[in-house]
Each structure stands twice: as structure tokens, then as C-alpha cells.
Amino acid sequence: MTEKIEKRQDQQPKPDKKKARKFPKMTKKVLITACVCGGLVLGAGGIAGVAAMDGYHAQIEAAIKHEKLAKKSDIKIDQQAAIDKFNQKYQNKQINEVELESDNGKYVYTIKGFDNANEYKVKVNAKDGKVISNKSEKLDKNDKKYTLDPSKTISRDEASQIAEKAAKKGSSIEWKLEQEKKNQAIWEVKVKDGRTVKEVKIDAGSKKILEVETDH
């Protein structure tokens with residue numbers, strides 16, 4: 001019995017030194033694979049970042065194209081008609097600002113007003129006169145508002161002529177009439193010539209040019 005046991009112990013396979021040596025190599029392979037995978041992940045992140053930037057630029061280009069689609073010939077309703085839409089929505093409020101600008105390929109009036117507690121805003125499609133949106137929010141007491149009387153200011157057409165002359169070249173594309181001080185209403189007219197846009201500020205009462213600034 002003793003001999004048999006000894007033989008069985010002798011028959012036990014001895015550890016293979018070659019196999020034992022493979023473990024470090026496997027570890028290196030794992031490390032190398034991990035590094036490669038990590039690099040791929042970082043690379044994918046970089047590619048994703050570039051793709052995001054490309055998407056951002058595409059959105060800007062799309063916005064520019066939309067702006068080009070807005071035509072002044074689509075302005076069918078006048079300033080007073082837009083103000084009337086505001087007054088229908090919010091009665092007995094004071095008007096302080098009227099803006100006409102290109103928005104997603106169409107011209108839109110934005111009429112702003114206020115009372116002692118709140119400020120109000122109504123957007124009107126300049127082509128068909130439909131109300132696009134309206135909202136009200138609490139008035140910031142630190143934000144001083146002054147009542148605008150459009151009948152005491154020069155018209156949008158006259159403001160455009162003055163602005164285009166001051167800019168020397170280009171055509172007016174956007175307008176804002178705001179009562180900035182108690183006794184002073186201001187026309188801000190944007191004049192576009194190719195890729196250059198100039199903003200001309202005009203005293204809406206005296207017609208005096210207050211500032212000509214190039215938008216960058």
C-alpha cells in the first residue's frame with residue numbers, strides 16, 4: 001500500500017514552469033488592450049466633440065438661411081395694427097416698446113407694455129396679423145419703464161431713410177422703437193449691406209442721429 005501511494009504521489013503532474021511564465025505576458029496584453037480601448041474611447045470623444053461643433057455650425061448656417069427668407073414685402077400690417085392686437089389682449093396697459101424683426105423666415109412684431117404690477121409682451125405675425133404668443137410676468141421695480149406715444153415719433157419708413165443715409169450703404173432690415181427716457185423715444189434701425197450690419201440710433205422726435213455702430 002505504501003508503494004502504491006508513493007507511486008501515485010510521484011505520478012502527480014509537476015507545475016509547468018513555462019505556463020507559469022505566461023501570466024506576466026497575459027497581464028501585459030490586458031494592459032495594452034486596456035490602453036488601446038481607452039485611446040479609442042478618448043478618440044471617440046474627440047470625434048463626438050468635432051461632430052457637435054459641426055452640428056453647431058450647421059445650425060448657425062440654417063439660421064442665416066432662415067433670415068434670408070424674410071422679405072420686407074411680407075410686412076402687410078402696420079405698426080398700429082400690431083399695437084391694437086396688444087391692446088385687445090391686455091387692456092388699459094401702457095406701451096413702452098415696439099419691435100419688428102426677422103424671426104425664422106418671417107417678420108414678427110413684438111409689442112411690450114406694462115402697468116404698476118406686471119409687464120406684458122405680445123408677438124404678432126407681420127404678414128397675416130395673427131397673434132403668435134403672449135405672456136406676462138411681474139414687473140421688476142428696479143427696471144424703470146416709460147410710456148411710449150408712437151403718434152409723437154417719426155414713422156418707421158422715415159427712420160429707415162435716415163438710418164440708411166447714415167450707414168451710407170445697405171437696406172434697413174429690423175426696427176425697434178422704445179421710450180428710453182421720459183422725454184425721449186429712440187428708433188434703433190439695423191441696416192444690412194452684404195455681411196455687414198450697422199445699427200443706427202435715432203432720436204424719434206428730433207430725428208437726430210445718436211449713434212452708428214457696426215455689429216460684429
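No experiment lies behind these values; they were computed from the predicted model shown.
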Are V124 and I83 connected into the same hydrophobic cluster when the rule is that any two of I, L, V, M, F, W, Y join if their side-chain heavy atoms are below 4.5 Å apart? yes
What is the ring orientation for Y120 with F86, classed by angle as parallel under 30°, tilted 30 to 60°, or perpendicular over 60°? perpendicular
Check for a donor-acceptor pair, side chain of Q88 on one end and backbone N or O of Y90 on the other, with a separation under 3.5 Å. no
Provide the closest heavy-atom pair for V108 versus K123 in the form atom of the first, atom of the second, distance. CG1-CB, 4.0 Å
Of E97, E119, E178, which is the lone residue that meets salt bridge (charged side-chain N to carboxylate O under 4.0 Å, His left out) with K145? E119
Kindly write out the residues that satisfy side chain to side chain contact (heavy atoms under 4.5 Å, CB included) with N92, not counting sequence neighbours, or none if the list is empty. none
Whether E188 side chain and E199 backbone form a donor-acceptor pair below 3.5 Å: no
Return the minimal non-hydrogen interatomic distance between W187 and Q79, and the atom names on each side. CH2-OE1, 3.6 Å
Distance (rounded to the nearest 0.5 Å) between K207 NZ and E158 CD: 4.0 Å
Q179 versus T147: any side-chain heavy-atom pair under 4.5 Å? no
Could you grab the distance from atom CD1 of I162 to atom CD1 of I154, nearest 0.5 Å is fine? 4.0 Å
By salt bridge (Lys or Arg N to Asp or Glu O under 4.0 Å), which residues pair with K165, not counting sequence neighbours? none
Separation between CD1 of I111 and CG of L100, rounded to the nearest 0.5 Å: 9.0 Å
Taking only residues two or more places apart in sequence or in another chain, which ones pass side chain to side chain contact (heavy atoms under 4.5 Å, CB included) with K127? D74, K76, N125
Can a donor-acceptor pair be found, under 3.5 Å and without considering hydrogens, that links the side chain of K138 to the backbone of D140? no
